[in-house]
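Lettering of chains follows the sequences in order, A, B, ..., and the numbering in each one begins at 1. The structure displayed is predicted, hence computed values, not measured ones.
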Amino acid sequence: ETGVTQTPRHLVMGMTNKKSLKCEQHLGHNAMYWYKQSAKKPLELMFVYNFKEQTENNSVPSRFSPECPNSSHLFLHLHTLQPEDSALYLCASSQEGPGLSFGPGTRLTVL
Amino acid sequence: TQLLEQSPQFLSIQEGENLTVYCNSSSVFSSLQWYRQEPGEGPVLLVTVVTGGEVKKLKRLTFQFGDARKDSSLHITAAQPGDTGLYLCAGLQGGSEKLVFGKGTKLTVNP
């Protein structure tokens with residue numbers, strides 16, 4: 001399944017680093033999402049973009065900065081993260097109707 | 001307070017056994033989705049149920065949506081090692097159109 005791709009798959013960064021996560025969807029969907037998956041917690045919605053416009057920012061700290069240059073690409077820019085930000089970051093896309101297509105995720109470790 | 005409670009949290013069974021996992025809430029959902037997530041991958045949508053009392057079958061998997069649209073169950077017949085994974089339910093809240101995830105049931109099917 002290559003509908004939604006994410007790079008890198010694994011990332012280790014220090015608290016002072018700046019890095020970016022990339023997501024690309026090949027499904028022609030008009031909505032894209034960032035989710036955070038931590039151990040023992042439900043998936044947490046971070047950001048939603050519909051037709052490149054941000055429609056939801058779920059009280060996410062400003063050290064996470066999303067960017068959606070077009071309906072196929074989504075980025076998550078990271079800076080001055082904390083160790084508790086270590087998690088699996090999942091990108092997803094959707095079209096009309098329920099059901100999300102997820103990417104494989106980026107496993108982020110903040111030292 | 002967890003909006004969607006999934007049980008059990010962990011389940012380890014032998015190949016060939018039957019099992020049922022549950023997704024419960026005190027809230028009503030306009031629809032409910034089930035996903036399976038394998039290690040190192042993103043969740044994959046299995047089914048969406050919309051109508052109260054609806055039953056859907058996907059090979060050996062049977063999904064049921066409660067009459068009041070507050071709960072759902074997933075029954076697997078003759079489990080196989082390939083069924084191993086994290087099973088997530090997600091409910092779509094009417095009105096807000098927000099998708100809420102449970103914490104998941106981690107299933108291990110031993111050969």
What part of [X] gets within 4.5 angstrom of chain B, counting heavy atoms only: side chain, backbone, both, or neither?
| X | value |
| --- | --- |
| Arg107(A) | neither |
| Glu44(A) | neither |
| Leu45(A) | neither |

Lys56(B) atom NZ, over 12 foreign heavy atoms within 6.0 Å: yes
Can you check whether [X] reaches [Y] side chain to side chain, under 4.5 Å on heavy atoms?
| X | Y | answer |
| --- | --- | --- |
| Lys98(B) | Val48(A) | no |
| Pro43(B) | Leu90(A) | yes |
| Leu99(B) | Leu100(A) | yes |

Hydrophobic cluster membership, [X] vs [Y], 4.5 Å side-chain cutoff:
| X | Y | result |
| --- | --- | --- |
| Leu76(A) | Val12(A) | no |
| Val4(A) | Met46(A) | no |
| Val55(B) | Leu61(B) | no |
| Tyr22(B) | Leu11(B) | no |
| Phe47(A) | Tyr33(A) | no |

So, using ring pair (Phe, Tyr, Trp, His ring centres under 6.0 Å) as the criterion, who are the partners of Phe64(A) when residues are at least two apart?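 Tyr89(A).
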In terms of heavy-atom proximity below 4.5 Å to chain A, should Leu46(B) be classed as side chain, backbone, both, or neither? neither
Whatever's closer than 4.5 Å to a heavy atom in chain A on Gln37(B) counts as side chain
How many angstroms lie between CZ in Arg9(A) and CD in Glu41(B), if you round to the nearest 0.5 Å?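 Going from CZ on Arg9(A) over to CD on Glu41(B), the span is 5.0 Å.
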Nearest-0.5 Å distance, CD of residue Gln9(B) to NZ of residue Lys40(A): 7.5 Å
All heavy atoms of Gln33(B) vs all of Gly99(A), minimum pair found to be NE2-N, 3.3 Å
If only atom types and distance count, is the side chain of Tyr35(B) paired as donor or acceptor with the main-chain N or O of Phe102(A) below 3.5 Å? no
Gly104(B), Ala90(B), Ser30(B), Gly40(B): which one forms the most heavy-atom pairs within less than 4.5 Å of chain A? Gly40(B)
